[in-house]
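Following: one structure in C-alpha cells, then a few remarks.
Computation of the quantities below employed the complete heavy-atom set of this structure, encompassing side-chain atoms and omitting hydrogens, waters and symmetry-equivalent molecules.
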Amino acid sequence: QVQLAESGGGSVQSGGSLRLSCAASGYSYSSYYMGWFRQAPGKEREGVAVVDVDGITRYADSVKGRFTISRDNAKNSLYLQMNSLKPEDTAMYYCAAALTRIAWWALLLPTPYNYWGQGTQVTVSS
C-alpha cells in the first residue's frame, strides 16, 4: 500500500524559508513521478513543483527561482526547499506520486497523480 507522509510545514514571516519533506513507503519509489501541490482556501489545487523518473524538474511560474524540489531515492524521500516565501504561498501543501508516464504539459496538473499525502500547512505572514 502506497503511503506518503509530509512534514516540515509551519508559520513564517514573509521572506523566510521552510523545507518540506515527504516520506514514501509501500512501492518502488524511484519508479514514480513525484510532486508538490498546494491548495489555498477557496482555490483549486495547483502544481508547485514536480520531478520525473529521470530527475527532470518542472516548476510553476509563481515559484521559479524561489523553490527547489529534490528527491533522494535511497531514502524514499521527496523535498521542497522554499525560500523568499510570500503571503500568497500560504496553503496546504501535498506530496503526490504517479506510476504512469505523464506528458510534459500535464506534469503540474493534479489529475495524473494516483497517490496523495495528508498535507502540511504553510502559513506566511506579511
- Partners passing salt bridge (Lys or Arg N to Asp or Glu O under 4.0 Å) against R19 (at least two apart in sequence or in another chain): none
- Query: Which atom names give the shortest non-hydrogen contact between M34 and A97, and what distance separates them?
  - Reply: SD-CB, 3.5 Å
- Message: Return the OH to CD1 distance between Y79 and I69, rounded to the nearest 0.5 Å.
- Response: 12.0 Å
- Item | Listed partners of V122 passing side chain to side chain contact (heavy atoms under 4.5 Å, CB included), at least two apart | L18, L20, M82, Y93, V124
- Item | By side chain to side chain contact (heavy atoms under 4.5 Å, CB included) - contacts of S11 (at least two apart) | T123
- Would you call E6 and L78 a side-chain contact if the rule is heavy atoms closer than 4.5 Å? no
- Item | R101 to Y33 - nearest heavy-atom pair and separation | CG-OH, 3.1 Å
Could you list the donor-acceptor pairs under 3.5 angstrom formed between side-chain atoms of residues 110-118 and any protein atom two or more places apart in sequence or on another chain?
{"unit_1": "Y113", "atom_1": "OH", "unit_2": "L107", "atom_2": "O", "d": "2.7"}
{"unit_1": "N114", "atom_1": "OD1", "unit_2": "L99", "atom_2": "N", "d": "3.3"}
{"unit_1": "W116", "atom_1": "NE1", "unit_2": "Y113", "atom_2": "O", "d": "3.3"}

Using residues 40-50 as the side-chain source, report each donor-acceptor pair under 3.5 Å to any protein atom, sequence neighbours left out, with the distance given to one decimal.
{"unit_1": "R45", "atom_1": "NE", "unit_2": "Q39", "atom_2": "OE1", "d": "3.3"}
{"unit_1": "R45", "atom_1": "NH2", "unit_2": "Q39", "atom_2": "OE1", "d": "3.3"}
{"unit_1": "E46", "atom_1": "OE2", "unit_2": "R38", "atom_2": "NE", "d": "2.7"}
{"unit_1": "E46", "atom_1": "OE2", "unit_2": "R38", "atom_2": "NH2", "d": "3.3"}

- Item | Candidate pair F67 and N83, rule side chain to side chain contact (heavy atoms under 4.5 Å, CB included), full reasoning | CA-CA 6 Å; F67 291 10; N83 299 328; over 6 Å; no
- Message: Run the side chain to side chain contact (heavy atoms under 4.5 Å, CB included) test against T68 and tell me which residues pass, sequence neighbours left out.
- Response: Y59, Q81
- Query: What pair of heavy atoms forms the shortest contact from S125 to P87, and how long is it?
  - Reply: C-CG, 4.5 Å
